[in-house]
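These notes concern the structure reproduced below.
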Amino acid sequence: MINFFRYMDKLTEVLNLAKSKGYFWPSYEIYGGVSGFYTIGPMGSLVLKNIEDLWKSYFVRPNGFLEIDSPDIMPARVLKASGHVDNFKDPMAECAKCGSKYRADHLLSDSGIQVSESTSINQMNELLNQNKVKCPNCGATTWTVKQFLNMFETNIGPYADNKGYLRPETAQGIFVEFKTLLDINRGKVPMGIAQIGRGYRNEISPRQSMIRLREFHMMELELFMDPEDEKAPALDRDMKLPLLHEKVMEKGEPELISPYGAYKNGILKSAWLAYFLEKSFKFVMALGVPESKQRFIEKLVGERAHYSAQTFDHEVFFDEMGWTEVAGFAYRTDYDLKSHAKETGQELVVIEKKTISTRKTIKLNEKEVKNTHKKDWESIISSVPESREDGIYCAGIKLSSNEYKIIEEVEKEEVRKFVPYVVEPSFGLDRLLLATIYYAYGKKDGRNILSLPDVILGKVVAVLPLVSKKDMIEKAFEIKAMLEKSGYFVIFDEKGYIGKRYARLDEAGIPKAITVDGQTLEDGTVTIRDRDTWNQKRIRPSDLLV
RNA sequence: GCGGUUGUCGUCUAGCCUGGUUUGGACGUCAGCUUCCCAAGCUGAAGGCCGCGGGUUCAAAUCCCGCCAACCGCACCA
C-alpha cells in the first residue's frame with residue numbers, strides 16, 4: 001500500500017509512478033513492510049547503472065582515478081580504529097515513567113551539567129538521576145541510560161567474540177587498502193580511489209521514503225593529496241556556486257561565488273574541495289536538477305562527523321521535504337590513515353624523493369679506445385679523464401665522442417614522508433535516483449511524462465507495430481533484434497491502441513518510440529517519436545545506430 | 001523510540017461514527033474484437049478473507065487491545 005501523504009502532492013505521485021513503472025518501491029510489502037528498505041526495480045536498475053556511469057565520467061575518469069570494490073562486512077577492529085564504534089553510538093536516556101528517549105548528553109548539558117566525550121554511560125546515568133533532571137515530556141526524574149549503536153552487528157565465523165559490522169560507509173574499505181593502492185598508483189599523489197557500493201546504518205527511525213534508508217547505495221571517492229602542495233586541477237573562475245557557508249549562515253541566503261574565489265577567500269579549506277563542489281554542481285545539473293534547486297551548506301562544528309575538519313552538504317530542494325542532502329563533502333585530513341596506522345603499526349605514508357644535486361662521471365668505452373688508439377690505449381685507460389672546454393681528454397689525448405659516455409648520478413636526495421590528507425565526496429545514490437525522477441516528472445496535456453535526461457536512459461527504445469497485424473509484428477521483431485544487437489534495451493508492445501501505448505511509454509520515461517506502419521512494409525522506413533515533444537520523423541531504423 | 005494521524009483490489013476512493021446478505025465505484029491491468037498515429041470504440045475477465053494478530057458479540061471492514069507500516073511533530077541522521 002502506498003499512502004505516503006494524506007493528500008496527493010507531487011512526491012506522492014512520483015512515488016506511485018516509481019512503483020507502477022518499475023523504478024523502486026518499499027521492500028517486503030507482502031510481510032507488511034520493513035521500514036528503511038527499498039527494492040530497485042527493472043527500470044530503476046537501468047537508471048542506477050547510468051547514474052553511476054555518469055558519476056564516473058565526472059569524478060573518476062577525467063583525473064585517472066581508480067575504482068575498487070571492497071567487502072561490506074568489516075572486522076570490529078577496523079571500525080574501532082576509524083572511530084566509528086565510539087562515535088557511531090549515542091547515549092540514550094529513557095524516561096522510566098513515559099518511556100520517552102533523549103540523548104543523555106544533551107539532556108545534561110541543557111540542564112547546565114558539564115559532560116565530556118569521556119563521560120561514561122554509568123556516570124551519565126548517575127548525573128541524570130542525582131540531579132533530578134526532568135523529562136521534557138512528562139516531568140519525571142528517573143532515567144535509564146543505554147547505548148544505541150547505529151551499526152548492524154554480526155559475527156565473522158563461528159566465534160561470538162569475533163565481531164564484525166556492516167560498513168556504515170565504503171570509505172574505510174579504501175583506507176585499509178591504502179598501502180596496496182598507493183603501490184598500484186606507483187607511489188604518487190594526488191591519488192583518487194572511488195568505490196560504489198552499499199552502506200548500512202541502523203537508523204532509529206527511517207523516514208521520508210527513500211531519503212533515510214537502513215541499507216543504501218553510495219558512491220564515494222577518497223582523494224589523497226599532499227596538504228602542502230595539493231596539485232588540484234584548475235578551478236573555474238566564471239561559474240557561480242550557491243554556498244551557504246559559515247560566514248553567511250546567519251543570513252540564511254547562500255553566497256554566489258566561483259569555486260576559485262571560494263578557495264582563494266578561505267571559505268573552502270582545500271582546492272580539491274572546491275574542485276569537487278564544482279563537479280558535483282554540474283553532475284547534479286546533468287541529472288536534471290535545476291541550478292536554483294541546488295545549494296551547498298556548510299556543516300558547523302558539532303554537526304560534523306568526528307573525522308571531518310570541514311564539511312559541505314550538497315542539497316536538492318523538494319517541495320514536500322525542503323532542502324535534502326544528496327552528497328557530502330568532507331575534508332577528512334589525515335584522520336583515517338593515522339588511526340589505522342596507529343592500530344596496525346603499519347606506516348601509511350607517501351614517500352616523496354627530491355633530488356638536491358647530481359654528479360657527472362665519465363666512463364670510457366674501452367673497446368672503442370683500444371681500436372682507435374692502438375699505441376696509447378693503455379695510458380689512456382689508466383689515466384683520469386679530464387673535461388676541457390673543447391672535449392674530454394685522457395693522458396693529453398682528445399677522445400672522440402664514441403669513446404666515452406657521460407653518466408649523471410644522484411649525489412644527494414631528500415626523502416620526505418608524509419601522511420596524505422583526504423578530501424571525500426560521498427553521494428547517496430538512492431537520493432539522487434529520487435531527485436532525478438522527481439525533477440523529470442511533469443505533465444503535458446493532462447498526461448504524465450517522465451522526461452529523464454538522455455544520459456540516464458539514452459539507449460532505451462520502444463518498438464511498436466502500429467496495429468496488431470501479423471506482418472507488422474514480424475517486421476517489428478526484426479527491428480527489435482537489430483537494435484538489441486547494437487546494445488539497445490528494447491521494449492516491445494503490440495497490444496491496444498497506439499495512443500495509449502505512447503502515453504504509457506511517456507509516463508515510464510522511455511525516450512523514443514519506433515513505430516512500424518504500412519509504409520514500413522513497402523520501403524523499410526519507420527517513424528520515430530520523441531517522448532518530450534511528441535514529434536515524429538520518418539527514418540530508416542539503421543539511422544538510429546549512427 | 002515517544003506523541004498525534006492513518007491503513008479497504010495495482011492506484012484513487014465509497015462504506016466505519018450509528019456492527020447485519022457475496023465491500024461498491026473509477027482509473028489501471030489482462031483477453032477478444034476493432035483500429036494506419038496520441039489514454040479512442042465495443043465485449044468480457046481477473047484482482048480485496050478490508051495491514052497483521054487477538055478480543056467483545058448470535059454477527060466485525062465497522063467497537064476494543066496488541067503488533068506492523070506510512071505520514072506529521074519531538075529526538076536521531078556520527
Side-chain angles (χ1 to χ4, degrees), chain A residues 1-9 11-13 15-17 19-22 25-37 79 82-95 97-104 106-107 135-138 146 148-151 168-169 201-209 211-214 216 299 302-308 311 313 320-321 324-325 328 330 428 444-448 464-469 472 495-507 513 515-521 526-527 529 531 534-536 538:
Chain A
M1 135 224 12
I2 299 203
N3 193 358
F4 296 97
F5 295 88
R6 290 309 303 148
Y7 51 97
M8 274 290 253
D9 50 28
L11 185 60
T12 308
E13 286 184 24
L15 292 170
N16 280 339
L17 179 129
K19 187 183 176 189
S20 64
K21 296 300 176 185
W25 57 85
S27 305
Y28 306 115
E29 275 193 308
I30 65 164
Y31 283 92
V34 180
S35 187
F37 299 93
L79 291 161
S82 69
H84 284 83
V85 172
D86 292 324
N87 286 284
F88 212 79
K89 64 186 174 190
D90 296 311
M92 297 286 277
E94 185 174 352
C95 170
K97 191 180 166 203
C98 72
S100 298
K101 292 199 174 188
Y102 302 92
R103 281 279 296 266
H106 290 186
L107 273 179
C135 170
N137 187 44
C138 71
K146 284 180 202 157
F148 180 79
L149 185 65
N150 257 314
M151 289 192 289
E169 56 173 13
R201 296 178 190 184
N202 202 2
E203 300 282 355
I204 297 173
S205 61
R207 281 283 167 82
Q208 294 170 311
S209 69
I211 298 302
R212 282 180 68 192
L213 297 172
R214 292 191 165 118
F216 48 93
K299 298 276 119 178
E303 297 175 328
R304 289 202 289 262
H306 59 277
Y307 48 68
S308 181
T311 298
D313 280 355
E320 299 79 5
M321 301 183 287
T324 304
E325 180 190 352
K444 182 173 176 177
D445 294 357
R447 290 191 194 171
N448 297 333
L464 319 167
L466 182 59
V467 292
S468 188
K469 285 197 176 132
M472 270 188 209
K495 294 281 179 186
Y497 181 59
I498 191 71
K500 192 171 195 172
R501 282 181 274 163
Y502 287 148
R504 204 154 36 197
L505 292 166
D506 288 344
E507 192 172 34
T515 307
V516 171
D517 56 18
Q519 199 179 329
T520 312
L521 301 175
V526 294
T527 62
R529 173 189 178 275
R531 173 196 63 203
W534 299 354
N535 289 336
Q536 275 179 306
R538 186 157 278 278

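Letters go in sequence order (proteins before strands), and every chain restarts at 1.
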Under 3.5 Å, side chain of Asp517(A) to main-chain N/O of Thr520(A), donor-acceptor pair present?
-> yes

To the nearest angstrom, how far is Tyr31(A) atom OH from C67(B) atom C1'?
-> 17 Å

Pick the P atom in C49(B) and in C9(B), then give their distance to the nearest Å.
-> 9 Å

How close do Leu466(A) and Met472(A) get, heavy atom to heavy atom, and via which atoms?
-> N-SD, 4.0 Å

Are OP1 or OP2 of A70(B) and a side-chain N or O of Ser35(A) less than 4.0 angstrom apart?
-> yes

In the 5'-to-3' direction, what one-character label does each nucleotide of nucleotides 35-50 of chain B receive under the scheme B = base within less than 4.0 Å of a protein heavy atom, S = sugar-phosphate only, - = no such atom?
-> BBBBBB----------

At their closest point, which heavy atom of Leu11(A) faces which heavy atom of Glu320(A), and how far apart are they?
-> N-OE2, 3.1 Å

Please state whether the base of C76(B) and the side chain of Arg212(A) form at least one donor-acceptor pair under 3.5 Å?
-> yes

Integer-rounded Å distance: A75(B) P and Asn150(A) CG | 17 Å

Taking every non-hydrogen atom, the tightest pair across Asp313(A) and Lys299(A) = OD2-CE, 3.2 Å

For Tyr28(A) and C67(B), what is the distance between atoms OH and C1' respectively, to the nearest whole Å?
-> 19 Å

Whole-Å distance separating the CD atom of Glu29(A) from the P atom of G7(B) = 17 Å

How does RNA chain B look in dot-bracket notation if pairs are Watson-Crick or G-U with both distances under 3.5 Å, crossing ones as [ ], other-strand ones as |?
-> ((((((((.[[[[.)....(...]]]].(((((.......))))).....[[[[[..)....]]]]])))))))....

Distance-minimising heavy-atom pair for Arg212(A) and Pro206(A) = O-CB, 3.1 Å

State, yes or no, whether a side-chain contact exists between Val85(A) and Met151(A) at a heavy-atom distance under 4.5 Å.
-> yes

For atom NZ of Lys495(A) and atom P of U34(B), their distance in whole Å = 13 Å

Criterion side-chain hydrogen bond (donor to acceptor under 3.5 Å, both in side chains) against Asp506(A), the qualifying member of Arg531(A), Lys444(A), Arg529(A) = Arg529(A)

Starting at NE2 of His84(A) and ending at C1' of C77(B), how long is that distance when rounded to a whole Å?
-> 13 Å

Determine the interatomic distance between C1' on G28(B) and the same-named atom on G10(B); round to the nearest Å.
-> 7 Å

Which value, in whole Å, describes the distance between the P atoms of nucleotides C2(B) and G48(B)?
-> 34 Å

Is Pro168(A) touching bases, backbone alone, or none of the nucleic acid, heavy atoms closer than 4.0 Å?
-> base

For atom P, what is the distance between C42(B) and U35(B), given to the nearest Å?
-> 15 Å

Is the side chain of Arg214(A) donor-acceptor paired with the backbone N or O of Phe37(A) at a distance under 3.5 Å, no angle test?
-> no

Give a yes or no on whether the backbone of Gly496(A) and the side-chain of Arg501(A) come within a donor-acceptor separation of less than 3.5 Å.
-> yes

Over how many whole Å does the gap from Asn16(A) atom CG to C9(B) atom P extend?
-> 13 Å

Using the C1' atom as the reference point in each nucleotide, state the distance between G24(B) and C16(B) in Å, no decimals.
-> 15 Å

P spacing across the pair G15(B) / G32(B), given as an integer number of angstrom | 38 Å

Where do Thr515(A) and Tyr502(A) land on the side chain to side chain donor-acceptor pair (under 3.5 Å) test, with the steps shown first?
-> CA-CA 10 Å; Thr515(A) 307; Tyr502(A) 287 148; 2.7 Å; yes

If you measure from the C1' atom in U43(B) to the same atom in A60(B), how many Å do you get, rounded?
-> 38 Å

Take the protein atom CG of Leu15(A) and the nucleotide atom C1' of A69(B), then report the distance between them rounded to whole Å.
-> 15 Å

Nearest-nucleotide wise, let me know which of Met151(A) and Val34(A) is further upstream toward the 5' end of RNA chain B.
-> Val34(A)

Separation between the C1' atoms of C12(B) and C76(B), rounded to whole Å | 34 Å

